[in-house]
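Below is one structure; the comments refer to it alone.
Nothing fancy with the numbering, it's 1 onward along the sequence. First listed ligand is number 1; within each ligand, the first listed atom is number 1.
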Amino acid sequence: MQSKIQHLKSEMLAALHAAKTEEAIRETEIKYLGRSGLFNEIMKSLKDLPDEEKKTVGKAANVTKKEMEEAVSRRFISLESERLGQIAETEWLDVTVPGRKPVVGHRHLISKFIDDLEIIFGKMGFTVAEGPDVESEHYNFNQLNIPPDHPARDMQDTFWVANLPNTVLRTQTSPVQIRYMEAHKPPVRIICMGKTFRKDSDATHSPMFHQLEGLMVDEAISMANLKAIITHTLQQIFEDPSIKTRFRVSFFPFVEPGMEVDCTCPICHGEGKLPDNVPCRLCKQCGWLEIGGAGMVHPKVLKNAGYDSKKYTGFAFGFGLDRMVMIKHRINHLRLFFENDLRFIRQF
Ligand code: PHE
C-alpha cells in the first residue's frame with residue numbers, strides 16, 4: 001500500500017509539472033487529493049490492514065499527503081513567477097532611459113520686438129495704449145480728418161466688415177490716437193503697437209501687418225521734439241548710435257506738416273555700398289531706408305478729440321513694425337513672419 005501511495009505521489013508530481021494553468025493545477029489537486037480523489041481511494045484499504053501496520057502505514061500516508069499538498073502550493077507559486085517572468089520578457093522597460101523633453105516654444109520674433117519697443121519708449125516716459133482691431137469708420141477715418149470722399153480711403157484699400165455697417169479692420173493704428181485723447185487729458189505720451197489690415201499682398205506686403213504708432217501732445221511740442229524722439233528711437237532699435245534720420249515732405253490728412261521718415265541704412269551706414277565697393281542690397285545702394293510716416297498733429301484732429309488746439313500741439317508717427325524687424329535681422333521676406341515655419345521661427 002505504501003508503494004501504491006508513493007507511486008500516486010510521483011504520478012501527481014508529473015501531472016502538476018504538466019499543468020500550465022491555475023485551473024489545470026486545481027483539477028489535478030481535486031483528482032488526487034479531493035474528497036473522492038485517488039489518495040482517499042487508496043486509504044479505504046487501510047482498514048483491512050492489521051492494527052500494528054495500520055498505525056505506521058497511516059502515519060507515513062499522512063506525511064506523503066502533506067508533501068503532495070505542499071507540491072500543489074509550490075506549483076501555484078511557480079506558475080505565478082513564470083507568468084511574471086513572461087511579462088518581464090515582453091513588457092520590460094528601461095527605467096534608466098532619460099525622459100523625453102517636452103517641446104518648449106518661445107515668443108515670436110514680432111512679440112519680442114514689441115516688448116523691446118515698450119522698454120525703449122518706457123524709458124522716455126511713454127506708456128502703451130491699445131485699440132480694437134475691428135474699428136469703426138468714425139475712428140479709423142472720420143476723426144482723423146479723412147472724410148468719406150477722401151482719396152486716402154482708396155489708398156488704404158480697406159477691408160470693410162460684412163453685415164456690420166461702417167466697420168473696418170483698422171487700416172492703421174492712428175485711430176488709437178483719437179481713442180486715447182478722448183479718454184485722457186494732455187499731456188499725452190503714448191505708443192500703440194498692433195495689427196493693421198490692408199488689401200495688399202506681395203514679398204513686402206501682407207494683408208495683415210503691424211504698426212508702431214506714437215503720439216506726444218503737450219504745450220509747446222515742436223518738430224524738434226519729433227526729430228529727437230524718432231532719431232533716438234531708431235538708434236535704440238538698431239542698436240547703432242550712428243543712425244541718422246531724414247524727413248521728406250509728404251501728406252497724411254491727420255498731420256500738418258506731414259512727412260515721410262527715412263533713416264540711414266544700418267548695414268552700409270548710409271554709404272550705399274559695403275567695403276570693397278560691394279553694393280548694399282538692403283537699401284538698394286541709396287543709403288536710406290523708409291521707415292514710416294510722421295507729422296505734427298493736425299489742429300482739426302486735436303479738436304475732434306476735445307483738445308484746445310490753441311493751447312496744445314503734438315506730433316505723431318506711424319512706422320511699419322515688421323519692416324523694422326526685417327531690417328534689424330536681415331529678413332528678406334515679410335511672409336516668413338506669418339507662415340509659422342518652425343525652421344524660421346526657431347532661429348530667433
Ligand atoms: N497712419 C499712417 C499710415 O498708416 C502713418 C502715420 C501715422 C503718418 C502718424 C503720420 C502720423 O500710413
State whether E137 and R170 are salt-bridged, where the test is any N-O pair (Lys NZ or Arg NE/NH1/NH2 against Asp/Glu carboxylate O) under 4.0 Å.
-> no

Nearest option to atom 8 (C) of ligand 1, as decided by whichever heavy atom of G292, G293, G214 sits closest | G293

Atom CD of Q347: over 12 foreign heavy atoms under 6.0 Å | yes

Can you list the atoms of ligand 1 that are under 4.0 Å from a heavy atom of A294?
-> 8 (C), 10 (C), 11 (C)

Within 4.0 Å of some non-hydrogen atom of Q211, the atoms of ligand 1 are 3 (C), 4 (O)

Which pair of heavy atoms, one from G295 and one from L226, lies closest together, and at what distance?
-> O-CD1, 3.7 Å

Report yes if some N/O of [X] lies less than 3.5 Å from some N/O of ligand 1; otherwise report no.
X: T171; value: no
X: Q172; value: yes
X: E213; value: no

Can you tell me if [X] has a non-hydrogen atom under 4.0 Å from ligand 1?
X: R198; result: yes
X: F254; result: yes
X: S174; result: yes

Ligand 1-proximal atoms of F317, by part, heavy-atom distance under 4.0 Å = backbone

Is a side-chain donor-acceptor pair under 3.5 Å present for N140 with T171?
-> yes

Can a cation-pi geometry be assigned to R198 and F159, taking NZ or CZ under 6.0 Å from the six-membered ring centre and within 45° of the ring axis?
-> no

With sequence neighbours left out, the residues meeting side-chain contact (heavy atoms from CB on, under 4.5 Å) with H7 are E11

Side-chain donor-acceptor pairs under 3.5 Å in residues 229-257, sequence neighbours left out?
{"from": "T231", "atom 1": "OG1", "to": "K227", "atom 2": "O", "distance (Å)": "2.6"}
{"from": "T231", "atom 1": "OG1", "to": "T245", "atom 2": "OG1", "distance (Å)": "2.7"}
{"from": "T233", "atom 1": "OG1", "to": "I229", "atom 2": "O", "distance (Å)": "2.7"}
{"from": "Q235", "atom 1": "NE2", "to": "P241", "atom 2": "O", "distance (Å)": "3.2"}
{"from": "Q235", "atom 1": "NE2", "to": "I243", "atom 2": "O", "distance (Å)": "3.0"}
{"from": "E239", "atom 1": "OE2", "to": "K328", "atom 2": "NZ", "distance (Å)": "2.8"}
{"from": "D240", "atom 1": "OD1", "to": "S242", "atom 2": "N", "distance (Å)": "2.9"}
{"from": "D240", "atom 1": "OD1", "to": "S242", "atom 2": "OG", "distance (Å)": "2.7"}
{"from": "D240", "atom 1": "OD2", "to": "S242", "atom 2": "OG", "distance (Å)": "3.4"}
{"from": "D240", "atom 1": "OD2", "to": "H269", "atom 2": "ND1", "distance (Å)": "3.4"}
{"from": "R246", "atom 1": "NE", "to": "D262", "atom 2": "OD2", "distance (Å)": "3.0"}
{"from": "R246", "atom 1": "NH2", "to": "D262", "atom 2": "OD2", "distance (Å)": "3.1"}
{"from": "R248", "atom 1": "NE", "to": "D262", "atom 2": "OD2", "distance (Å)": "2.7"}
{"from": "R248", "atom 1": "NH2", "to": "D262", "atom 2": "OD1", "distance (Å)": "2.9"}
{"from": "R248", "atom 1": "NH2", "to": "D262", "atom 2": "OD2", "distance (Å)": "3.3"}
{"from": "S250", "atom 1": "OG", "to": "E260", "atom 2": "OE1", "distance (Å)": "2.9"}

